[in-house]
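What you see is a predicted model; the values in this text were computed from it and never measured. Just so it is clear: chains get the letters A, B, ... in the order the sequence lines come, proteins before strands, and each one is counted from 1. Values reported hereafter were calculated over all heavy atoms of this structure, with side chains retained and with hydrogens, waters and symmetry mates removed.
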Number of protein chains: 2
Amino acid sequence: MSKKVERLPTAAELKILKVLWEAGPSTVREIHEIHKKEKTVRYTTVLRLLQNMHDKNFVRRDDSERSHIFSANLTEEETQTKLLRDLAERVFSGSTKQLVLRALSTSRASKAELAEIRELLAESTHESG
Amino acid sequence: MSKKVERLPTAAELKILKVLWEAGPSTVREIHEIHKKEKTVRYTTVLRLLQNMHDKNFVRRDDSERSHIFSANLTEEETQTKLLRDLAERVFSGSTKQLVLRALSTSRASKAELAEIRELLAESTHESG
DNA sequence: AGTATCGTACGATGACTGTCGTACGTCAAG
DNA sequence: CTTGACGTACGACAGTCATCGTACGATACT
């Protein structure tokens with residue numbers, strides 16, 4: 001019973017993961033320094049979040065030195081995908097298509113952005129056979 | 001200070017809302033009957049969720065009869081949009097475009113689905129000035 | 001009228017989140 | 001060696017969620 005359900009990072013955890021994705025393996029102090037610019041929390045709060053994420057296997061830790069080095073155990077893409085699937089499941093009856101349609105219909109995306117999306121879509125249409 | 005933060009429906013609340021969106025205004029008993037097919041919970045749990053959602057203004061209630069009639073105060077589209085924006089904010093730095101690209105790049109959407117998306121995208125491109 | 005059924009209100013509980021503060025060990029500088 | 005700065009562990013706590021059970025009023029059946 002080590003992993004019952006597939007857990008997803010919480011809001012606060014995501015903010016920490018973001019730092020790790022950008023900065024790469026870091027000490028708690030380093031993470032805290034960067035994180036502080038976005039939101040003010042105590043050092044031990046960041047530490048706690050990292051400990052929790054370690055329990056959940058979201059981060060790895062290298063404790064060979066006194067100041068442990070934490071690194072993300074999930075890629076950003078992977079995490080985005082998981083969270084998208086979760087949302088699709090919960091709110092779009094599992095349909096990614098519906099999710100995309102809704103996102104497009106309400107997005108204030110620029111023409112350039114839409115073009116970019118259309119382009120990727122064209123490729124995707126040809127590739128996936 | 002009635003509404004501090006914009007609240008979003010939780011997972012359990014969404015399941016109830018889904019029933020309301022499909023079935024329209026209903027009594028707790030009716031909602032419970034339908035909801036039961038998906039997940040087994042006690043009648044009072046459904047009632048509790050509806051009471052909480054009423055406090056949060058997610059549902060309206062007509063208590064003119066003994067059995068109160070609940071109805072959704074948010075449309076499904078509205079809710080989908082809000083949750084998408086929330087996810088975009090939390091995980092895609094606010095970029096709906098990035099969200100869509102990610103969703104497309106990992107979706108196992110069929111050709112027909114992709115075509116449909118592309119179509120809507122073409123319209124959208126022309127419409128939005 | 002008396003009782004069983006249906007309905008709502010609401011307290012209690014356990015899990016999880018996010019946040020701190022304190023305890024306590026280590027390491028370097030005086 | 002002593003002490004102060006730094007590091008991790010961890011208990012505490014308040015808020016939210018999801019779930020029940022119990023209390024109690026209203027309705028309907030006999």
Interface residues of residues 33-45 of chain A with DNA chain C (non-hydrogen, below 4.0 angstrom): A:Lys39, A:Val41, A:Arg42, A:Thr44, A:Thr45
Partner residues of B:Lys39 under the side chain to side chain contact (heavy atoms under 4.5 Å, CB included) criterion, sequence neighbours left out: B:Lys15, B:His35, B:Val41
Protein-nucleotide distance (A:Asp62, atom CG; D:dG7, atom P), rounded to Å: 15 Å
Sequence-distant partners of A:Glu89, side chain to side chain contact (heavy atoms under 4.5 Å, CB included), two or more places apart: none
C:dC10 phosphate, OP1 or OP2, under 4.0 Å from B:Gln51 side-chain N/O: no
Pairs touching residues 51-67 of chain B that satisfy salt bridge (charged side-chain N to carboxylate O under 4.0 Å, His left out), sequence neighbours left out: B:Glu13-B:Lys56
Quiz item: A:Arg48 side-chain donor-acceptor pair to C:dG21 base, under 3.5 Å: no
side-chain contact (heavy atoms from CB on, under 4.5 Å) assessment of A:Thr27 paired with A:Phe70: CA-CA 6 Å; A:Thr27 64; A:Phe70 288 87; over 6 Å; no
Helix axis bend for the helix from C:dA1-D:dT30 to C:dG30-D:dC1 - C1'-based end axes, five pairs, 10° rounding: 20°
Would you tabulate the nitrogen or oxygen pairs shorter than 3.5 Å linking the protein to nucleotides 1-4 of chain C?
none

Distance, rounded to the nearest Å, where A:Phe58 contributes CZ and C:dG18 contributes P: 11 Å
Sequence-aligned protein contact record of nucleotides 25-30 of chain D, with B where the base is within under 4.0 Å of a protein heavy atom and S where only the sugar-phosphate is: BBS---
Distance, rounded to the nearest Å, where A:Asp63 contributes CG and C:dG25 contributes P: 18 Å
Nucleotide C:dT17, atom P - distance to CG of A:Leu8 in whole Å: 10 Å
Counterpart residues, side chain to side chain contact (heavy atoms under 4.5 Å, CB included), relative to B:Glu33 (two or more places apart): B:Lys36
Between C1' of D:dC6 and CD1 of A:Ile69, the distance in whole Å: 15 Å
Rounded distance in Å - CD1 (A:Ile31) to C1' (D:dT8): 14 Å
Donor-acceptor contact below 3.5 Å, side chain B:Trp21 vs main chain B:Leu74: yes
Residue-level proximity of residues 10-22 of chain A to DNA chain D when a heavy atom falls under 4.0 Å: none
Contacts of A:His32 that satisfy ring pair (Phe, Tyr, Trp, His ring centres under 6.0 Å) - sequence neighbours left out: A:Tyr43
Side chain to side chain contact (heavy atoms under 4.5 Å, CB included) partners of B:Leu83, counting only residues at least two apart: A:Leu87, A:Arg90, A:Val91, B:Leu8, B:Leu14, B:Thr79
Nearest-angstrom distance from the residue atom CE of A:Met53 to P of C:dT19: 12 Å
Spatial distance of atom OG1 (B:Thr81) from atom CD (B:Glu77) [nearest 0.5 Å]: 7.5 Å
Phosphate OP1/OP2 of D:dG7 contacted by A:Arg29 side-chain N/O (<4.0 Å): yes
From CZ (B:Phe58) to CG (B:Leu20), nearest 0.5 Å: 13.0 Å
Shortest non-hydrogen separation from B:Ala23 to B:Ser26 and the atoms involved: CB-OG, 3.9 Å
Determine all donor-acceptor pairs shorter than 3.5 Å in which one atom belongs to a side chain in residues 45-54 of chain B; sequence neighbours excluded.
unit_1  : atom_1 : unit_2  : atom_2 : d
B:Arg48 : NH1    : B:Gln51 : OE1    : 3.4

Nearest listed nucleotide, side chain of A:Leu49, among C:dT19, D:dT19, D:dA9: C:dT19
N-O pairing of B:Lys18 and B:Glu38 below 4.0 Å: no
Interatomic distance, A:Asn52 CG vs D:dC10 C1' [rounded to whole Å]: 11 Å
Under 3.5 Å side-chain donor-acceptor pair for B:Glu78 and B:Thr75: yes
A:Thr40 side, atom OG1; A:Arg42 side, atom CZ - distance, nearest 0.5 Å: 9.0 Å
Atom pair CZ (B:Phe92) and CG (B:Leu99), whose distance is rounded to the nearest 0.5 Å: 4.5 Å
Within 6.0 angstrom of B:Glu22 CD, more than 12 heavy atoms from elsewhere: no
